[in-house]
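Shown next, in structure tokens, is the structure this report addresses.
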Amino acid sequence: MKTTIKNGRVIDPAQNIDAVMDVRIVSGRIEQIGKNLESGADEQVIDATGLVVTPGLVDIHVHLRDPGYEYKEDIVSGTRAAAAGGFTSVACMPNTNPCNDNKAITRYIIQKAQLEGFANVFPICSITKGQKGDSLVEMGDLKLAGCVGFSDDGLNVEDGAMLRHAMEYAHGFAMPIIAHSEDESIKNGGVMNEGALSTELGLSGNPWVSEAASVARDIMLAELTGAHLHVCHISSRRTVELVRAAKQRGVHVTCEVTPHHFTLTEQAVRGYDVNAKVGPPLRTAEDVAAMKEGLRDGTIDAIATDHAPHHIDDKNMEFSYAAYGMIGLETALPLALRLVNEGILSLQEVIALLSYKAAKALGIPRGTLAIGAAADVAILNLEHTWEATRQNIKSRSFNTPFENLSMKGKAVMTLRDGKVMHDEV
Ligand code: DOR
Ligand code: ZN
Ligand code: ZN
């Protein structure tokens, strides 16, 4: 099977390519990139004139809810949402039921994704059994089964000695520890950012210190053990500063930010919008500015969605009781592209943060159109304006505060291994 994507503006930051060219795919791999490539009569030709051709995007932080919570999302619906968002690879978190803390679940996820999925799925398994915080998973087994990292995402690893030992083992296996950093005692049950607004709304506050204190500890433990620490969804100015300083000291730390944490402030919670309830919480304009600065100066390694689908029955209740999280796979690209319009990042930098840099942060071998690489490709229409609605979103859940917001930019076609996974050209 041969396909040529013709006349698109090809942007591959990993190879420093940005030019109008053709991309030729043979047997699911990138065969050739160049100008005016010949294509045989038997070849599929995709006309990308006026469109941007990039590596398939890579989201290193999603919740696919499978097994156990398929009423929110499953591997099929979640990867379909990924493809619609331009993503060809996702790394999925282990807070499923049962938890992905063993190779049987890991194999199930990989197999189901291969058989029925619309994107590559790289499972992340838990750090502690059942994410209960009291005994470590079989890290070697899980690496062999195909996991790409360890995370108790959704929860902080409260016991510092436990995290230290996890880092020692993970380091031995050359695997990252992926931290959801919120000190539980400081968070103290807070459901939104702590400040004047939480007081005004009468909601319990979760201060930035819950994150920064936990990240500070985790960075020190990474320094002690030599392990690779990847900090999830950073939200506060002080956290960016901690990561920046740690990198300068040579600590092996990487981090990601979500589109919601660089787009929205706590003001989105006004009106008690449960779709703006996330962990860590949306913070202040100052924090949002710090996220943008962290993206600009390279402190932040990746944009990752923390796609967290929830059924309306998990959300439709008093703010304090509603589940944490919002979907993100289908709105990430247009929200990230706003950073280009704001003059904070170039288009190439945004694509890099959503592809090879993200993949590199977790050591996933994806995110480039290099010759011989898997033909994972996104074709983007940067001018297309649209709105997220229940009808056009592929995710099984629709918990988003971005409903009816005008979005600019859309993946109009997504190919994985050279096969079309999403098509709205
Ligand atoms: O908002 C969030 N939702 N943050 C998390 O860390 C967990 C996630 C979920 O699983 O719903
Ligand atoms: Zn988390
Ligand atoms: Zn998460």
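Each ligand, and each atom within it, is numbered from 1 in the order the structure gives. Being a predicted model, the structure only gives us computed values, none of them experimental. Counting begins at 1 with the first residue of the sequence.
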At a 4.0 Å threshold, what atoms of ligand 1 neighbour a non-hydrogen atom of [X]?
X: H233; result: 6 (O)
X: H310; result: 11 (O)
X: G154; result: 6 (O), 7 (C)
X: D306; result: 2 (C), 4 (N), 5 (C)
X: A308; result: 3 (N), 8 (C), 9 (C), 11 (O)

Check whether NZ of the Lys or CZ of the Arg [X] lies under 6.0 Å from the centre of the six-membered ring of [Y] and within 45 degrees of that ring's axis.
X: K129; Y: F150; answer: no
X: K72; Y: Y69; answer: yes
X: K143; Y: F173; answer: no

> Sorted by chain and residue number, which protein N/O/S atoms are under 2.8 Å from the Zn ion (ligand 2)?
Replying inline: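 Hits for the Zn ion (ligand 2) below 2.8 Å: D153 OD1, H180 ND1, H233 NE2.
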Provide, to 0.1 Å, the distance between [atom] and the closest protein heavy atom, together with that atom's residue and name.
atom: atom 3 (N) of ligand 1; value: Y324 O, 3.1 Å
atom: atom 10 (O) of ligand 1; value: N95 ND2, 2.8 Å
atom: atom 8 (C) of ligand 1; value: H63 NE2, 3.8 Å

> Out of P280, G328, S181, G279, who gets a non-hydrogen atom closest to atom 5 (C) of ligand 1?
Replying inline: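 Minimum heavy-atom distance to atom 5 (C) of ligand 1 goes to G279.
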> Where the closest heavy atom to atom 11 (O) of ligand 1 is concerned, which of K72, E182, M93, R65 has it?
Replying inline: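 The residue whose heavy atom sits nearest atom 11 (O) of ligand 1 is R65.
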> Can you tell me how far SG of C147 sits from CE of M175, rounded to the nearest 0.5 angstrom?
Replying inline: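 Nearest 0.5 Å value for the CE-SG distance: 6.0 Å.
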Would a 4.5 Å heavy-atom cut-off, applied to side chains only, mark [X] and [Y] as touching?
X: L333; Y: K410; answer: no
X: S27; Y: M1; answer: no
X: R366; Y: N120; answer: yes

> Applying a 4.0 Å heavy-atom criterion (strictly less than), which segment of H180 is in contact with ligand 1: side chain, backbone, both, or neither?
Replying inline: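 Under 4.0 Å from ligand 1, H180 contributes side-chain atoms alone.
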> Does the side chain of E194 come under 3.5 Å of the side chain of S198 through a donor N or O and an acceptor N or O?
Replying inline: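 Absent: no donor and acceptor within the cut-off.
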> Are side-chain N/O atoms of S126 and Q131 paired as donor and acceptor at under 3.5 Å?
Replying inline: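 No donor-acceptor contact under 3.5 Å links the two side chains.
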> In a check of side chain to side chain contact (heavy atoms under 4.5 Å, CB included) between R9 and each of V53, L347, L380, which one passes?
Replying inline: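 When side chain to side chain contact (heavy atoms under 4.5 Å, CB included) is applied between R9 and each of V53, L347, L380, only L347 qualifies.
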>> More than 12 heavy atoms of other residues, nucleotides or ligands under 6.0 Å from NZ of K315: yes or no?
In response: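 Count over threshold, so yes.
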>> Working note: R283 + E266, criterion salt bridge (charged side-chain N to carboxylate O under 4.0 Å, His left out); need CA distance, chi angles, decisive distance, verdict.
In response: CA-CA 5 Å; R283 300 203 190 270; E266 59 181 357; over 6 Å; no
> Is K277 near ligand 1, meaning one of its heavy atoms is under 4.0 Å from it?
Replying inline: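 False for this residue.
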> Just distances here: any N/O of V278 and N/O of ligand 1 closer than 3.5 Å?
Replying inline: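 Between V278 and ligand 1, no N or O pair is found under 3.5 Å apart.
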